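First up is the structure itself, then whatever we jot down about it.
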Amino acid sequence: MSIFPEFAPVNLASSTIINNHTSRFEPYSDFNFISLWSWDTAGERKYSILNDNLVILFTDYTTEEPFLSILGDKKVDESVEILLSYSEKNNLPNELRLVPEVVVKNLSNEFVCYEDENNNDYIFSTEKIRDYAGNKYKNKRQLKNKFENTYSNAVLGRESASSATAQVKVFELLQKWANNKQDEQKDFDLKHEQSAILRALKAADNDLKVLLTTLHLDDKIIAFSIDEVVSEGYAISHFFKTDHEHIGCTEFFNSELAALLHNEKIIHWNWEQDLGLQTLKDVKNRYRPVSYLKKFVLRRTE
C-alpha cells in the first residue's frame, strides 16, 4: 500500500487494496479496478491512500493528460486541499476531475464543484431491459422480435473468460467491428481496445467476478459482453460489441443478457459514461437509464 504522496502502479497486485476501498461506495466506473487496469495499456495510472481515501493519478480518456481524483469520505476538505496543492507543485491541472458525488457531499463551501455530465455513469434496470415493456421500448421490442424470428438458432452462453478459444472468436468479432468502423469512416483505436480487452480477460484469472457472455450463430460469435459483478445487485459493463449485419442483434442480446443478470440477482447495470460523444449519448438514452452516478470537477473558490 502506498501512502500519499507516494504512488504505486495500478496492477493486478493492487486489485485487493483498490477493491477494498471502492466496495464501500457506489460502483463508479472510473475507480473500478478492471476499468483502471484494462485501459491503462501504457502503465501510467497510479494509486495512493490519503486519510483512508483512495487517490488515483488518471490519464484523460481522450487527451491522455494526467490529473488527480479522489474517492472517500474521510477528512475530505483536508484531503482535497492537499491534492490541489500537490497538483500545483507538480504541474498537474489545478482541479480534481471525475470526483464522485459522495466526496462532494462531504465538502465545505471552500471549494467550487461543477457537475461533469459527460462523465456521469448511466445506471440501467436489468428488469426493464429484459422486458422491453411499454411504448417507450416499442422499437427495441420490435427489433428483438425480428432478430428472434429470423435467427431462431442463435444461442446465448457463458464462456470462460480465460478460454483461448473464446478469446479468438471475440477478437474475430472485434476485427469485424473495426472493419465496419473503417467503412463508415468513424474513429477507433483497434490496437488499444484489443489490449484493453485482453487485460480485462486476464483479470478473470485473478479471482475477480468477470463474466464473458456471448451470442453464437452457428460457429461464430455475433455479440459479446464483458461484465463484472461488483457488489450485491450491481454489475458494470466493461466491453460490449455486436454484429450490426444481423438486424436486431444488439436489442436481442441486451435483453437476453439483462435477463441472465437479473436471474443472478443483478438489479442495477452500470454502462459507464458517454464522454460527451453524441452518438453514444443517444444510444444509451434510448435504453432509458433509471439513474446516474454523478461526477464533478472540483476547484478552490476564486
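Computed from heavy atoms alone, side chains included, the values below leave out hydrogens, waters and symmetry copies. No experiment lies behind these values; they were computed from the predicted model shown.
Residues Leu211 and Ile267 do not share a hydrophobic cluster, defined by chaining ILVMFWY side chains whose heavy atoms lie under 4.5 Å apart. Linking ILVMFWY residues whenever their side-chain heavy atoms come closer than 4.5 Å, directly or via other members, places Leu96 and Phe25 in the same cluster. The cluster map of Ile, Leu, Val, Met, Phe, Trp and Tyr, joined by side-chain heavy atoms under 4.5 Å apart, puts Val283 and Phe252 in different clusters. Both Phe7 and Leu98 belong to a single network of hydrophobic side chains, linked directly or stepwise wherever heavy atoms of I, L, V, M, F, W or Y lie under 4.5 Å apart. Hydrophobic clustering of Ile, Leu, Val, Met, Phe, Trp and Tyr side chains at less than 4.5 Å, counting indirect connections, keeps Ile197 apart from Phe240.
At distances below 3.5 Å, not a single donor-acceptor pair connects side-chain atoms of Asn90 with backbone N or O atoms of Leu92. Judged by distance alone, the side chain of Asn51 and the main-chain N or O of Asn53 form no donor-acceptor pair under 3.5 Å. Checked by atom type and distance alone, the side chain of Ser38 never pairs as donor or acceptor with a backbone atom of Ala200 at under 3.5 Å. Here the side chain of Ser255 pairs no donor or acceptor atom with the backbone of Glu251 at under 3.5 angstrom. Side-chain atoms of Asp40 come within 3.5 Å of backbone atoms of Arg45 as a donor-acceptor pair (strictly under, hydrogens ignored). Without hydrogens or angle criteria, Asn149 side chain to Asn145 main chain gives a donor-acceptor distance under 3.5 Å. Of the possible donor and acceptor atoms, one in the side chain of Thr126 sits under 3.5 Å from a partner among the backbone N and O of Ile266.
Between the side chains of Thr63 and Asp60, at least one donor N or O lies within less than 3.5 Å of an accepting N or O. Under 3.5 Å, the side chains of Gln273 and Asp30 contain a donor-acceptor pair of N or O atoms. Thr213 and Arg158 share a side-chain donor-acceptor pair at under 3.5 Å. Using a 3.5 Å distance cut-off with no hydrogens or angles, the side chains of Asn94 and Glu88 do not pair a donor with an acceptor. Donor-acceptor pairing under 3.5 Å is recorded for the side chains of Ser85 and Glu81.
The number of heavy atoms from other shown groups lying within 6.0 Å of CG (Asp282) is above 12. Counting non-hydrogen atoms of neighbouring residues, nucleotides and ligands closer than 6.0 angstrom, the NZ atom of Lys294 reaches no more than 12 such neighbours. The number of heavy-atom neighbours closer than 6.0 Å to NZ of Lys75, taken from other residues, nucleotides and ligands shown, is 12 or below. Heavy atoms of other residues, nucleotides or ligands lying less than 6.0 angstrom from NZ of Lys138 number 12 at most.
Considering only heavy atoms from C-beta on, Phe33 comes within 4.5 Å of Ser14 through its side chain. Taking 4.5 Å as the limit, some side-chain heavy atom of His192 sits within range of a side-chain heavy atom of Thr41. With a 4.5 Å cut-off on side-chain heavy atoms, Glu117 and Asp274 do not count as touching. Contact annotation: the side chain of Leu215 never approaches that of Glu256 to less than 4.5 Å [non-hydrogen atoms, C-beta and beyond]. The closest side-chain heavy-atom distance from Tyr287 to Lys128 is not below 4.5 Å. Here the side chains of Asn120 and Glu115 are in contact, with some heavy-atom distance below 4.5 Å. Looking only at side-chain heavy atoms (C-beta outward), Glu193 and Lys241 come within less than 4.5 Å of each other. Looking only at side-chain heavy atoms (C-beta outward), Asn139 and Arg286 stay at 4.5 Å or farther from each other.
Listed here is the closest heavy atom pair of Leu298 and Cys113: CG-SG, 4.1 Å. Residues Ser160 and Ala166 share a closest heavy-atom pair of O-CB, 4.2 Å. What you find for Cys249 and Thr242 is that their closest heavy atoms are SG-CB, 4.0 Å. Nearest heavy-atom pair, Glu65 versus Pro93, reported as atom, atom and distance to 0.1 Å: OE2-CG, 3.4 Å. Nearest approach of Pro27 to Val230, heavy atoms of both residues: CB-CG2, 3.6 Å. When every heavy atom of Ser237 is checked against every heavy atom of Glu272, the shortest pair comes out as O-CD, 3.5 Å.
Rounding to the nearest 0.5 angstrom, the gap separating the CG atom in Leu50 from the CD1 atom in Ile82 is 5.0 Å. Distance CD1/Ile17 to CD1/Ile49: 7.0 Å, rounded to 0.5 Å. Atom-to-atom distance recorded for Ile56:CD1 and Ile18:CD1 is 5.0 Å, nearest 0.5 angstrom. In this structure, CG on Leu257 lies 12.0 Å from CZ on Phe224, to the nearest 0.5 angstrom. Distance check, rounded to the nearest 0.5 Å: CD1 of Ile236 to OG of Ser231 gives 8.0 Å. Leu71 CG to Ser79 OG: the interatomic distance, rounded to the nearest 0.5 Å, is 11.5 Å.
Here Leu143 sits in one hydrophobic cluster together with Ile247; the rule is ILVMFWY side chains under 4.5 Å apart, joined directly or through other members.
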| request: Please step through side-chain contact (heavy atoms from CB on, under 4.5 Å) for the pair Leu198 and Gln194, ending with a clear verdict. | output: CA-CA 6 Å; Leu198 269 177; Gln194 284 176 329; 5.8 Å; no
| field | CA sep, side-chain torsions, deciding dist, call: Phe296, Glu101, side-chain contact (heavy atoms from CB on, under 4.5 Å) | value | CA-CA 7 Å; Phe296 296 79; Glu101 190 171 21; 3.8 Å; yes
| What do the steps show when you test Leu57 against Glu44 for side-chain contact (heavy atoms from CB on, under 4.5 Å), and what is the final call? | CA-CA 8 Å; Leu57 177 62; Glu44 295 174 333; over 6 Å; no
| field | Working for side-chain contact (heavy atoms from CB on, under 4.5 Å), residues Ser15 and Trp37 | value | CA-CA 9 Å; Ser15 63; Trp37 187 72; over 6 Å; no
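The aromatic rings of Tyr122 and Tyr292 sit perpendicular to each other, their planes meeting at more than 60°, with 30° as the lower class boundary. Taking the six-membered ring where tryptophan is involved, the planes of Phe58 and Tyr61 are perpendicular, since the angle between them exceeds 60° and thus also 30°. Classification of the Tyr151-His246 ring pair by plane angle, with boundaries at 30° and 60°, yields perpendicular.
A salt bridge does not link Lys265 with Glu232: every distance from a Lys NZ or Arg NE/NH1/NH2 to an Asp or Glu carboxylate oxygen is 4.0 Å or more. Salt bridge present: Asp243 and Lys176 bring a charged side-chain N and a carboxylate O closer than 4.0 Å. The pair Lys105-Asp73 does not meet the salt-bridge criterion, since no charged nitrogen lies less than 4.0 angstrom from a carboxylate oxygen. Ionic pairing of Lys295 and Asp121 is present here: one or more N-O contacts between side-chain nitrogen and carboxylate oxygen are shorter than 4.0 angstrom.
Evaluation of the ring-ring contact (aromatic ring centres under 6.0 Å, His included) rule for Tyr132 yields Tyr137 as partners, not counting sequence neighbours.
With respect to Glu159, the side chain to side chain donor-acceptor pair (under 3.5 Å) criterion is satisfied by exactly one of Gln167, His216, Lys169: His216.
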